[in-house]
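Just below is one structure, and these are the notes that go with it.
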Amino acid sequence: MRALLLFDIDGTLLTGGPAKVAFHRAMLTVYGSAGPIDTHSFGGKTDPQIARELLLADGFTTDAIDAGLPDLFDQYLAELERNLIQLPMVTLPGVAELLNHLVGRDDVGLGLVTGNVQRGAHLKLESAAIPPALFPVGAFGSDHEERNELPGVAIERAAESMGFDRTQGVPVIIGDTPKDVECGRVHGARTVAVATGKVSLDRLRQSQPDALLESLEDLERTMEALIPGG
């Protein structure tokens with residue numbers, strides 16, 4: 001396997017959808033508060049991390065937060081699934097063509113590294129008509145609250161289930177925030193930043209990814225960023 005391509009979801013593959021509204025409603029149902037959610041940045045963070053930051057800002061204790069997290073995500077996923085029917089996620093430009101190209105290659109493995117809890121990630125993909133099965137491995141906010149831990153989880157799963165060998169292939173993290181770049185760098189992965197989310201091209205450039213793209217629309221340029229010379 002020449003490369004293990006690990007994609008972020010929100011702002012990288014997909015945009016839109018009701019996730020923030022669903023999360024807000026779930027927070028109010030379980031905790032009676034969503035903290036400063038209207039001004040809080042979600043970008044590049046895991047779902048549990050976002051909940052913790054919001055609630056700590058509103059004075060909740062760590063124990064109170066931890067006690068409510070299972071109920072929070074049950075409520076959130078129910079809200080998300082229900083609301084995605086009316087407001088599905090939308091694939092970003094170039095994504096469908098890129099995925100169609102990649103699934104036809106036997107030297108590339110596909111996976112996810114996303115702050116979404118796993119079921120939430122799959123619901124979002126399904127709403128945009130992307131089968132989650134396209135990504136046989138992944139790491140999610142439900143695996144670890146710290147984003148920097150997730151690439152290691154995905155790489156280990158790829159080694160176990162896909163035979164990925166780092167002596168023969170390169171892990172690549174593709175995302176739309178500096179936190180995606182950071183988590184990839186921690187694990188010695190190639191990092192590709194794409195300015196299709198809420199972070200500007202200049203700000204992404206400052207995070208010093210190995211490759212920087214305005215979008216995934218140009219297939220040839222995107223493939224050169226993901227697999228140089230490949």
Side-chain angles (χ1 to χ4, degrees), residues 3-20 23 39-50 53 80 87-99 101-102 110-118 120-125 127-128 130 132 134-135 138-141 143-151 153-154 170-187 189-219 221-227:
L4 173 66
L5 305 180
L6 300 170
F7 288 88
D8 174 55
I9 292 179
D10 298 282
T12 303
L13 296 176
L14 307 178
T15 190
K20 189 169 184 177
F23 198 81
T39 57
H40 196 72
S41 172
F42 283 37
K45 300 175 182 179
T46 67
D47 287 347
Q49 177 187 1
I50 293 165
E53 289 177 352
L80 182 64
L87 191 63
M89 303 288 287
V90 177
T91 55
L92 283 157
V95 167
E97 183 182 7
L98 174 62
L99 293 179
H101 175 75
L102 291 172
L110 298 184
L112 299 169
V113 165
T114 173
N116 288 282
V117 294
Q118 184 170 4
H122 289 176
L123 287 171
K124 288 180 176 184
L125 290 169
S127 80
I130 297 178
L134 285 182
F135 306 94
F140 307 88
D143 291 313
H144 204 288
E145 191 168 323
E146 295 297 327
R147 183 65 176 248
N148 284 357
E149 297 294 328
L150 298 184
V153 174
V170 178
V172 185
I173 300 293
I174 306 100
D176 66 300
T177 75
K179 291 183 183 296
D180 296 296
V181 176
E182 178 185 329
C183 79
R185 185 178 294 123
V186 165
H187 292 272
R190 179 172 175 79
T191 57
V192 178
V194 54
T196 45
K198 296 182 178 179
V199 181
S200 70
L201 196 68
D202 286 344
R203 176 68 186 89
L204 287 174
R205 185 176 289 109
Q206 291 171 20
S207 69
Q208 299 183 319
D210 293 300
L212 178 61
L213 297 168
E214 293 184 12
S215 76
L216 300 175
E217 292 181 81
D218 186 327
L219 181 59
R221 186 179 177 198
T222 298
M223 288 304 302
E224 180 62 24
L226 298 178
I227 313 172

(request) Mind listing the closest non-hydrogen atom pair of Ala154 and Val113 along with its distance? (result) CB-CG2, 3.9 Å
(request) Could you pull out the closest heavy-atom pair between Leu201 and Ala195, with the gap in Å? (result) CD1-CB, 3.7 Å
(request) Indicate yes or no: does Asp8 engage Arg147 in a salt bridge with an N to O separation below 4.0 Å. (result) yes
(message) Less than 4.5 Å apart, side chain to side chain, heavy atoms only: is that true for Val181 and Ile173?
(response) no
(request) Look up atom CG in Leu125 and atom CD1 in Ile9, then write down how far apart they are to the nearest 0.5 Å. (result) 4.5 Å
(request) May I ask you to check whether over 12 heavy atoms, not counting those of Gln206, lie within 6.0 Å of atom CD? (result) yes
(message) Can you confirm whether Lys124 sits close enough to Thr114 that some side-chain heavy atom of one is under 4.5 Å from a side-chain heavy atom of the other?
(response) no
(message) Test: side-chain hydrogen bond (donor to acceptor under 3.5 Å, both in side chains). Region: residues 193-204. Which pairs qualify, not counting sequence neighbours?
(response) Asp202-Arg205
(message) Quick check against the 3.5 Å criterion: does Arg221 have a side-chain atom that pairs as donor or acceptor with the backbone of Leu213?
(response) no
(request) Answer yes or no: is there a side-chain heavy-atom contact under 4.5 Å between Leu216 and Val194? (result) yes
(message) Let's go through Leu5 and Phe135 carefully: what are the C-alpha distance in whole Å and the side-chain angles of both, what is the deciding distance for side chain to side chain contact (heavy atoms under 4.5 Å, CB included) to 0.1 Å, and is it a yes or a no?
(response) CA-CA 9 Å; Leu5 305 180; Phe135 306 94; over 6 Å; no
(request) Give the intermediate values and the outcome of side chain to side chain contact (heavy atoms under 4.5 Å, CB included) for residues Gln49 and Glu146. (result) CA-CA 7 Å; Gln49 177 187 1; Glu146 295 297 327; 5.5 Å; no
(message) Closer than 3.5 angstrom, by distance alone: can the side chain of Ser127 be matched with the main-chain N or O of Met89 as a donor-acceptor pair?
(response) yes
(request) Could you tell me the separation between the CG atom of Leu102 and the CG atom of Leu226, rounded to the nearest 0.5 Å? (result) 6.5 Å
(request) Can you spot which of Leu92, Val192, Asp176 makes a side chain to side chain contact (heavy atoms under 4.5 Å, CB included) with Thr12? (result) Asp176
(message) Show the nearest heavy-atom pair for residues Pro151 and Gly184, with the distance to one decimal.
(response) CG-N, 4.4 Å
(message) If I take atom CD from residue Gln118 and atom CG from residue Asp143, how far apart are they, to the nearest 0.5 angstrom?
(response) 6.5 Å
(message) Within the 4.5 Å heavy-atom criterion, are Asp180 and Phe7 side-chain neighbours or not?
(response) no
(message) Just so I know, are the side chains of Glu53 and His40 near enough to count as touching, which here means a heavy-atom distance under 4.5 Å?
(response) yes
(request) Might you point out which heavy atoms bring Gly141 and Pro48 nearest each other, and give the distance in Å? (result) O-CG, 3.4 Å
(request) Check for a donor-acceptor pair, side chain of His187 on one end and backbone N or O of Pro171 on the other, with a separation under 3.5 Å. (result) no
(request) Kindly indicate, with the supporting measurements, whether the criterion side chain to side chain contact (heavy atoms under 4.5 Å, CB included) is fulfilled by Leu98 and Met223. (result) CA-CA 8 Å; Leu98 174 62; Met223 288 304 302; 3.9 Å; yes
(request) State, yes or no, whether a side-chain contact exists between Phe23 and Ile50 at a heavy-atom distance under 4.5 Å. (result) yes
(request) Scan for salt bridge (Lys or Arg N to Asp or Glu O under 4.0 Å) pairs involving residues 209-219, sequence neighbours excluded, and state none if there are none. (result) none
(request) Compare all side-chain heavy atoms of Ile174 with those of Leu13 and state whether any distance is below 4.5 angstrom. (result) no
(request) Apply side chain to side chain contact (heavy atoms under 4.5 Å, CB included) to Leu150 and Phe140, showing your working. (result) CA-CA 7 Å; Leu150 298 184; Phe140 307 88; 5.9 Å; no
(request) For residues Glu145 and Thr46, report the shortest heavy-atom separation together with the two atoms involved. (result) O-OG1, 2.7 Å
(request) Heavy atoms only: give me the nearest Ala128-Leu14 pair and the separation to one decimal. (result) CB-CD2, 3.6 Å
(message) Let me confirm one number: the CG-CZ distance from Asp47 to Phe42, rounded to the nearest 0.5 Å.
(response) 8.5 Å
(request) Using modelled atom types only, decide if a donor and an acceptor are shared between the side chain of Ser207 and the backbone of Leu204 within a distance under 3.5 Å. (result) yes
